[in-house]
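Read the structure below first, then the notes.
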Amino acid sequence: TPGWTWRMRAIAVACAASPSRSGARLPVQALVHEPFSRLRTDFRAYVDAANLVPLEEVPEALRLYTLAASLCAFMAKEGFTGCERSDSTYYRAENSLMNRVLERRCGIPITLSIAYIVVGE
C-alpha cells in the first residue's frame, strides 16, 4: 500500500498468514492497529503517572534513556517476554506473527522489537 512505513509493512506481513477462526482474513486494523493504539495510550498514561522530572528540561540523551527505560518497564508490566529458546517452540509461526505476539505477549526478538518501536513512537 502506498504511503505505508516499513513498520506498517512489517506488521501487515506478520498478519498476512493469520486467518480468523472462520477462515476469513481479518483486517490488519483489528488485528494489530487497535491493540497497538491501546498500548500506546496506556504507555503514555504510564509515563505520565510515573511523575518523571519534566523531560523537556533534561539533556536529550537522558530524556531518551529515561523514555526507553520506561518503555521496557511498561512492556514487562504488560507481560511481553521472549519465547522459550528451544527448537520445538522458538520456530513456531505464532512467535513471528504480530497479531499472535500481541495476543500472547510472547515472541521472537525481532517481532518484539517491532512491537517496542511501535508502542514507543
Side-chain angles (χ1 to χ4, degrees):
T1 304
W4 278 25
T5 66
W6 68 268
R7 290 177 192 101
M8 294 166 70
R9 290 173 198 260
I11 292 165
V13 167
C15 291
S18 300
S20 71
R21 291 178 190 200
S22 68
R25 298 266 180 236
L26 294 173
V28 172
Q29 182 74 21
L31 288 171
V32 283
H33 290 289
E34 291 170 6
F36 272 137
S37 180
R38 283 190 298 276
L39 284 167
R40 278 194 296 269
T41 299
D42 292 349
F43 175 59
R44 287 185 183 95
Y46 179 82
V47 169
D48 290 343
N51 291 323
L52 302 172
V53 296
L55 293 177
E56 59 277 350
E57 297 175 12
V58 298
E60 181 70 3
L62 180 57
R63 184 181 77 79
L64 292 174
Y65 179 81
T66 302
L67 288 173
S70 297
L71 177 61
C72 290
F74 170 77
M75 295 296 272
K77 180 180 102 29
E78 289 294 312
F80 283 89
T81 185
C83 58
E84 181 183 324
R85 181 74 171 146
S86 71
D87 287 344
S88 64
T89 59
Y90 188 82
Y91 296 103
R92 289 183 184 162
E94 66 187 5
N95 293 326
S96 298
L97 298 170
M98 186 59 73
N99 62 309
R100 294 292 294 140
V101 170
L102 289 171
E103 288 172 13
R104 297 173 49 247
R105 303 293 203 244
C106 180
I108 61 173
I110 189 67
T111 311
L112 289 173
S113 296
I114 293 169
Y116 276 58
I117 288 169
V118 172
V119 173
E121 283 184 313

Handout entry: Residues, nucleotides or ligands: over 12 heavy atoms within 6.0 Å of Leu64 CG
Key = yes

Exercise for the section: Spell out, as yes or no, whether a donor-acceptor pair under 3.5 Å connects the side chain of Ser70 to the backbone of Thr66. Expected result: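 Yes, the answer is positive, given that a donor and an acceptor are paired below the 3.5 Å cut-off.
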
Handout entry: Expected output: side-chain Arg100 to main-chain Ala93 donor-acceptor under 3.5 Å
Key =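 Answer holds: no.
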
Over all heavy atoms of both residues, which pair between [X] and [Y] is shortest? Give the atoms and the distance, please.
| X | Y | value |
| --- | --- | --- |
| Ser96 | Ile108 | OG-CD1, 3.4 Å |
| Phe36 | Val118 | CG-CG1, 3.6 Å |
| Val119 | Leu39 | CG2-CB, 3.8 Å |
| Pro35 | Leu102 | CB-CD1, 3.9 Å |

If you round to the nearest 0.5 Å, how far is [atom2] of [Y] from [atom1] of [X]?
| X | Y | atom1 | atom2 | result |
| --- | --- | --- | --- | --- |
| Glu84 | Cys106 | CD | SG | 9.0 Å |
| Arg104 | Cys83 | CZ | SG | 7.5 Å |
| Tyr65 | Glu60 | OH | CD | 15.5 Å |

Exercise for the section: Please report the C-alpha distance between Thr81 and Arg105 in whole Å, then the side-chain angles of each, then the deciding distance to 0.1 Å, and finally whether the side chain to side chain contact (heavy atoms under 4.5 Å, CB included) criterion is met. Expected result: CA-CA 6 Å; Thr81 185; Arg105 303 293 203 244; 5.9 Å; no

Practice task
For the pair Glu121 and Arg40, find out whether any cationic side-chain nitrogen is under 4.0 Å from an anionic carboxylate oxygen.
Solution key: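 Arg40 and Glu121: not salt-bridged.
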
Handout entry: hydrophobic_cluster_shared for Val101 and Tyr90, side chain cutoff 4.5 Å
Key =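 Different hydrophobic clusters.
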
Exercise for the section: Would you please classify the geometry between the Tyr46 ring and the Phe74 ring as parallel, tilted or perpendicular, with 30° and 60° separating the classes? Expected result: tilted

